[in-house]
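Read through the structure below, which is laid out as structure tokens, and then see the notes.
Heads up: numbering here begins at 1 and tracks the sequence. Predicted model only: the values in this text are computed from it and were never measured.
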Amino acid sequence: MVSHGATRGAPKDAQLPAPFHSVHVAPPQTGCERLVWRKPTARCTHLRVRRHTCECQPVVYELCVSGGLVFIRRTVRKPTGQSVRETEWLLTARAMELWQRLLTGQAR
């Protein structure tokens with residue numbers, strides 16, 4: 001699932017060398033779960049990005065942890081700017097299941 005593409009903020013023809021690629025999400029599967037994407041909240045001052053999808057794609061997902069809760073942040077990059085949304089904040093086990101469903105195209 002590795003493809004070479006542009007990095008965030010880089011020209012579209014800029015290429016990432018293979019070692020710098022990350023996971024690419026699978027296409028949405030038939031009947032995939034529709035996630036509720038909410039405006040980001042200022043619930044914390046510090047958070048950690050534990051995992052992320054590849055920067056070469058126009059949509060990047062990040063698995064974020066803060067205060068014992070986990071959520072997924074989605075950044076959609078367009079020529080007009082970017083849009084950031086996030087899922088509800090979940091307990092770790094539930095968030096990890098959601099992350100796997102997102103990566104495999106079972107949720108979007």
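- Heavy-atom minimum distance, A95 versus L63: O-CD1, 4.4 Å.
- With respect to E86, the side chain to side chain contact (heavy atoms under 4.5 Å, CB included) criterion is satisfied by exactly one of V36, T75, T41: T41.
- One distance of note links CG of L69 with SG of C64; it measures 12.0 Å at 0.5 Å rounding.
- Just one of L35, V25, V59 meets the side chain to side chain contact (heavy atoms under 4.5 Å, CB included) condition when paired with R108; it is V25.
- Under the 4.5 Å side-chain heavy-atom criterion for ILVMFWY residues, a single connected hydrophobic cluster contains both W89 and L91.
- With contacts defined as side-chain heavy-atom distances shorter than 4.5 Å, the pair M96/L90 does not qualify.
- Annotation: side chain of W37 is not in contact with side chain of S83 (no heavy-atom distance under 4.5 Å).
- One distance of note links CG of L103 with OH of Y61; it measures 10.0 Å at 0.5 Å rounding.
- Sparse packing is recorded around CZ of R50, with 12 or fewer heavy atoms of other residues, nucleotides or ligands lying under 6.0 Å away.
- By the 4.5 Å heavy-atom criterion applied to side chains, L47 and F71 are counted as neighbours.
- The closest side-chain heavy-atom distance from E88 to R38 is below 4.5 Å.
- Checked by atom type and distance alone, the side chain of S66 pairs as donor or acceptor with a backbone atom of H46 at under 3.5 Å.
- A continuous path of hydrophobic side-chain contacts links V23 to V76 [ILVMFWY only; heavy atoms under 4.5 Å].
- Taking OG from S22 and NE2 from H52, the interatomic distance works out to 4.5 Å, rounded to the nearest 0.5 Å.
- Looking only at side-chain heavy atoms (C-beta outward), R73 and R85 stay at 4.5 Å or farther from each other.
- R101 places none of its side-chain heavy atoms less than 4.5 Å from the side chain of C32.
- Within the model, atoms CG of L98 and CD1 of I72 stand 4.0 Å from one another, a figure rounded to the nearest 0.5 Å.
- Side-chain atoms of Q29 come within 3.5 Å of backbone N or O of P27 as a donor-acceptor pair.
- Residue-environment remark: CZ (R74) exceeds the threshold of 12 foreign heavy atoms within 6.0 Å.
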